[in-house]
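Notes follow the structure.
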Amino acid sequence: QVQLVESGGGLVQPGGSLRLSCVASGSIFNFNTMGWYRQAPGNKRELVATITLGGSTNYADSVKGRFTISRDNAKNTVYLQMNNLKPEDTAVYYCNALRRLQATPLPNYWGQGTQVTVSS
């Protein structure tokens with residue numbers, strides 16, 4: 001079966017750090033590009049970072065310089081290291097594969113996400 005399981009979220013103060021993990025089962029990890037998304041209350045779900053099988057990365061401007069995406073292909077796991085967290089980073093974070101041509105996520109395989117709350 002195909003499954004994406006996110007973990008590592010929590011409550012942190014501004015300036016703090018968290019490391020998120022996404023374990024993928026099934027063939028979804030064979031996609032070239034994996035990404036982290038987030039959705040805050042009242043906002044649309046947005047793509048925050050991507051990484052290819054070869055390790056090429058891209059970041060949304062809002063997280064550039066603060067977040068680092070990485071992957072361990074042997075463990076079918078993608079990570080998101082989040083440093084210098086800000087209140088506006090508060091959201092539910094999800095991982096997914098991106099389709100090659102349209103760069104869109106696979107709609108049938110969203111996990112439950114992991115909640116990140118940044119508050120003093």
Side-chain angles (χ1 to χ4, degrees):
Q1 70 207 56
V2 175
Q3 189 175 30
L4 294 165
V5 180
E6 301 93 343
S7 63
L11 174 64
V12 296
Q13 295 183 340
S17 297
L18 286 171
R19 181 177 171 86
L20 308 183
S21 298
C22 169
V23 179
S25 61
S27 61
I28 191 170
F29 209 73
N30 293 330
F31 281 81
N32 185 56
T33 305
M34 296 290 294
W36 282 97
Y37 299 76
R38 68 185 182 187
Q39 186 167 21
N43 292 349
K44 296 180 179 179
R45 187 170 298 180
E46 63 174 337
L47 180 64
V48 300
T50 63
I51 185 167
T52 68
L53 283 170
S56 297
T57 59
N58 282 291
Y59 299 92
D61 289 342
S62 59
V63 307
K64 194 171 298 182
R66 300 187 297 118
F67 291 9
T68 302
I69 188 171
S70 61
R71 64 193 295 167
D72 186 334
N73 294 330
K75 296 181 178 179
N76 287 0
T77 302
V78 61
Y79 306 94
L80 187 67
Q81 179 67 47
M82 310 165 67
N83 297 328
N84 192 24
L85 284 161
K86 305 176 183 297
E88 53 263 41
D89 296 319
T90 296
V92 179
Y93 284 72
Y94 304 87
C95 64
N96 210 332
L98 278 71
R99 297 176 63 179
R100 290 169 58 186
L101 295 180
Q102 296 291 330
T104 52
L106 304 180
N108 296 329
Y109 300 114
W110 292 108
Q112 66 180 32
T114 185
Q115 176 72 51
V116 172
T117 302
V118 185
S119 177
S120 59

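For residues 109-120, the set of pairs meeting the salt bridge (Lys or Arg N to Asp or Glu O under 4.0 Å) definition, not counting sequence neighbours, is empty. Residue pairs meeting the salt bridge (Lys or Arg N to Asp or Glu O under 4.0 Å) criterion with at least one member in residues 65-85, sequence neighbours excluded, are Arg66-Asp89. Within the structure, side-chain hydrogen bond (donor to acceptor under 3.5 Å, both in side chains) contacts touching residues 104-120 (residues at least two apart or in different chains) are Gln115-Thr117. Screening residues 34-65 for disulfide bond (SG atoms under 2.5 Å apart) gives no qualifying pairs among residues at least two apart or on separate chains. Note on residues 6-119: pairs passing disulfide bond (SG atoms under 2.5 Å apart), not counting sequence neighbours, are Cys22-Cys95.
Not a single ring pair (Phe, Tyr, Trp, His ring centres under 6.0 Å) links Phe31 to another residue, sequence neighbours left out. Under the side chain to side chain donor-acceptor pair (under 3.5 Å) criterion, Thr57 pairs with no residue at all, not counting sequence neighbours. Taking Ser62 as the reference, Arg38, Ala60 meet the side chain to side chain contact (heavy atoms under 4.5 Å, CB included) condition, with sequence neighbours excluded. Residues passing the side chain to side chain donor-acceptor pair (under 3.5 Å) test with Arg19, sequence neighbours excluded: none. Scored by the salt bridge (charged side-chain N to carboxylate O under 4.0 Å, His left out) test, Lys64 finds Asp61 as partners (sequence neighbours excluded). Residues meeting the salt bridge (charged side-chain N to carboxylate O under 4.0 Å, His left out) test with Arg45, sequence neighbours left out: none. Applying the ring pair (Phe, Tyr, Trp, His ring centres under 6.0 Å) test to Phe67 and every residue at least two apart in sequence or in another chain returns nothing.
For the atom pair Ser17 OG and Asn84 CG, the distance stands at 8.0 Å (nearest 0.5 Å). For the atom pair Leu18 CG and Leu85 CG, the distance stands at 5.5 Å (nearest 0.5 Å). If you take CG on Asn58 and CG on Leu47, they are separated by 9.0 Å, rounding to the nearest 0.5 Å. Rounded to the nearest 0.5 Å, atoms CD1 (Ile51) and OG1 (Thr33) are 9.5 Å apart.
Nearest approach of Ala40 to Thr90, heavy atoms of both residues: CB-O, 3.4 Å. Of all non-hydrogen atoms in Leu98 and Asn96, the two that sit nearest each other are CD1-O, 3.9 Å.
The shortest side-chain heavy-atom distance between Leu106 and Arg99 falls under the 4.5 Å cut-off. By the 4.5 Å heavy-atom criterion applied to side chains, Leu20 and Glu6 are not counted as neighbours.
Grouping the Ile, Leu, Val, Met, Phe, Trp and Tyr side chains by contacts below 4.5 angstrom, directly or via other members, places Val118 with Val48. Residues Val12 and Val92 are members of separate hydrophobic clusters, defined by side-chain heavy-atom contacts under 4.5 angstrom among Ile, Leu, Val, Met, Phe, Trp and Tyr. Hydrophobic cluster membership differs between Ile28 and Val23, with clusters built from Ile, Leu, Val, Met, Phe, Trp and Tyr side chains linked at under 4.5 angstrom. There is a path of hydrophobic side-chain contacts, each under 4.5 Å, that joins Trp36 to Val63.
Between the side chain of Thr52 and the main chain of Asn32, no donor-acceptor pair closer than 3.5 Å is present. The backbone N or O of Ile69 sits less than 3.5 Å from a side-chain atom of Tyr59, completing a donor-acceptor pair.
Each of Thr50, Leu53, Thr77, Leu4 was checked for a side chain to side chain contact (heavy atoms under 4.5 Å, CB included) with Met34, and the lone residue meeting it is Leu4.
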